[in-house]
K.L.:
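Dropping the structure in here first, questions after.
Both counts, for ligands and for their atoms, begin at 1 and track the order of listing.
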Amino acid sequence: MAKFNRIYTQFADLPNKGKNYCNHFPYINKNPKPIDIMAHFPCEKIQYEGPSSKNPFAFKHYNPEEMVAGKSMKEHLRFAAPYWHVMRNVLADPFGGGTAQMPWDDGSDSVENALARVDVFFEFLDKMGIEYYCWHDRDIAPELNDLSASNAALDQVVAKLKQKQSETGVKLLWGTACLFAHPRYSQGAATSPDANIYAYAGAQVKKALESTKELDGLGYTFWGGREGYSTLLNTNMKRELDHLAAFLHMAVAHADKIGFDGPFYIEPKPREPSTHQYDSDSAACLNFLREYGLMDRFTLNIETNHATLAGHTMEHELTVAANAGKLGSIDANRGDTLIGWDTDQFPTDLYLTTQVMLVVLNTGGFTTGGLNFDAKRRRESHEPIDLIHAHVGGMDTFARGLKIAQAIREDGRLANFVQERYSSFDSNVGATVESGSCTFEELEAHAMAHGEPSLASGRQEMLENLINEFI
Ligand code: XLS
Ligand code: NI
Ligand code: NI
């Protein structure tokens, strides 16, 4: 009851005074059921109502149990929510502070406050029907004055998360350590020029890994927020990369020691905050992993907005990863064509989600990975209920992308066109090229015998029209 009062008072203290947001949406009140005033997200659990529904609090396309190509939608999509954006993002931008209303949060660094957030987060997951989540150590628990105090705080929150997971069946898709926010990491963590900072980062990852293991996390992610440089004038790139590789080898060794057998993900991003980040795109990450003997245990977590910052499309980044058998997981968001930074918007573009799901389905689907909405609301969307709208949109857009991609696969014309386009490599000289037995002499003999080749059209426009048939 004390808690009820506290939250209610805080709602009442907001400019819009304890307002029942659901009154704006008559759809919800058709079946009048008292809205629990304790609810932090004042809406019912989101249900599938089908494409003709006008209810903003319903899925129009995401029908979790609906079968698509022999698997339920929820098994295909494996949606995850990021603790950092849902619970901790105050919606600041480079020109102004946070706007997000978080009436459940007392703004303190106390463990009590961190524990209270866990309940709110699980209410959110339940309302959305999202069964996976991801965190950084410092999202879920505060960084306190020294490492052992921070570790103790983390243990307390992890214990609560563990209890909530077992009550609800929610799973941890991956954990990670925040090695970029604290000033000590301003010049890098595993690529810091200072071995003391490097050691601190290692201690933090050790604990984050143990916490991931404690929560039966399916994977562990490295996003090298500050692993790069601002200027080469002060940077020994070779030593930094060697140190980063040694760090990742230590992570693998520690995982083996504690019995964590999930994959490690590297999440590529080219810049922001650094001028250049070493894990800049899929190809650079794969090269790094190969060079340093890390291919066995590592796979990639590809994020849409990072792909576009790297000057690639998302489908390019996914395809590069998939070709190497390294498409592990996805951070599902999008950028803004007019803004040149990581805007982390919710995916609402059907062309994008269709192309993402085409690659995912073509590679046989996720195993340990999933679709983590590494996305935040716009600064203008400051009410808690906007979190619900944002995720409803992202989930519906991916559900449609899944259905469209599967329809394109069943139709078969796209795949047939591509297969036909390369069919000259299926026999004769082409087949000897693919088998690795061909020589320049044979190519010359072939060219002499066949005269000027006639090249078929690539038919890009025809194929674009084909995709539009399905969208
Ligand atoms: C930031 C990254 C980050 C990672 C996790 O741009 O996307 O959120 O996903 O550290
Ligand atoms: Ni991300
Ligand atoms: Ni990002």
Side-chain angles (χ1 to χ4, degrees), residues 78-94 132-141 143 172-182 185 188-191 201 204-205 208-209 211-212 217-228 244 247-248 251 263-282 285 298-312 314 317-318 321 327-336 339-347 352 356 369-378 390 394:
R78 294 166 65 88
F79 289 126
Y83 206 92
W84 56 101
H85 282 315
V86 175
M87 295 315 298
R88 307 307 309 277
N89 198 320
V90 297
L91 306 180
D93 72 13
Y132 297 89
Y133 74 114
C134 304
W135 48 245
H136 301 85
D137 50 357
R138 304 305 182 228
D139 307 330
I140 54 175
E143 172 141 18
L172 178 63
L173 191 71
W174 48 259
T176 186
C178 178
L179 302 179
F180 45 87
H182 194 282
Y185 297 127
T191 60
Q204 211 181 310
V205 170
L209 201 48
S211 304
T212 300
L218 294 154
Y220 186 91
T221 292
F222 285 95
W223 169 58
R226 309 259 172 201
E227 312 298 21
L244 177 59
F247 195 89
L248 299 181
F264 285 102
Y265 303 117
I266 301 258
E267 185 177 318
K269 184 174 179 179
R271 67 184 78 84
E272 195 216 36
S274 313
T275 308
H276 176 85
Q277 285 176 220
Y278 295 131
D279 301 329
S280 54
D281 65 1
S282 292
C285 288
F298 280 79
T299 169
L300 302 184
N301 177 37
I302 312 289
E303 178 166 322
T304 322
N305 206 164
H306 299 180
T308 50
L309 280 175
H312 302 307
M314 179 60 166
E317 285 294 88
L318 292 172
L327 173 48
S329 201
I330 288 178
D331 270 10
N333 60 18
R334 71 178 162 97
D336 184 295
I339 305 177
W341 73 75
D342 201 14
T343 57
D344 283 348
Q345 284 167 250
F346 278 84
L352 171 69
V356 168
L371 289 167
N372 170 43
F373 289 112
D374 194 353
K376 62 184 187 224
R377 297 162 286 160
R378 296 308 82 200

K.L.:
Check whether the side chains of Asn333 and Asp374 place a donor and an acceptor atom closer than 3.5 Å, and report yes or no.
P.N.:
no

K.L.:
Would a distance-only check, ignoring hydrogens and angles, find a side-chain to backbone donor-acceptor pair under 3.5 Å from Asp279 to Cys285?
P.N.:
no

K.L.:
Okay, side chain of Glu227, backbone of Thr191: is any donor-acceptor separation there less than 3.5 Å?
P.N.:
yes

K.L.:
Just to verify, what does Arg138 make a salt bridge (Lys or Arg N to Asp or Glu O under 4.0 Å) with, not counting sequence neighbours?
P.N.:
Glu143

K.L.:
Would you say the side-chain atoms of Arg334 pair up with the backbone N or O of Thr304, donor to acceptor, closer than 3.5 Å?
P.N.:
no

K.L.:
Short question: side chain of Thr221, backbone of Thr176 - any donor-acceptor pair under 3.5 Å?
P.N.:
no

K.L.:
Return the set of residues passing side chain to side chain donor-acceptor pair (under 3.5 Å) with Asp137 (not counting sequence neighbours), or none when no residue passes.
P.N.:
Gln204

K.L.:
Any chance the rings of Phe180 and Tyr185 have centres within less than 6.0 Å?
P.N.:
no

K.L.:
Fit a plane to each ring of Phe346 and Phe373, take the angle between them on a 0 to 90° scale, and name the class: parallel (under 30°), tilted (30 to 60°) or perpendicular (over 60°).
P.N.:
tilted

K.L.:
Within less than 2.8 Å of the Ni ion (ligand 3), how many protein N/O/S atoms are there?
P.N.:
3

K.L.:
What residues sit with at least one heavy atom under 4.0 Å from ligand 1?
P.N.:
Trp84, His136, Trp174, Trp223, Glu267, Lys269, Glu303, His306, Asp331, Asp342, Asp374

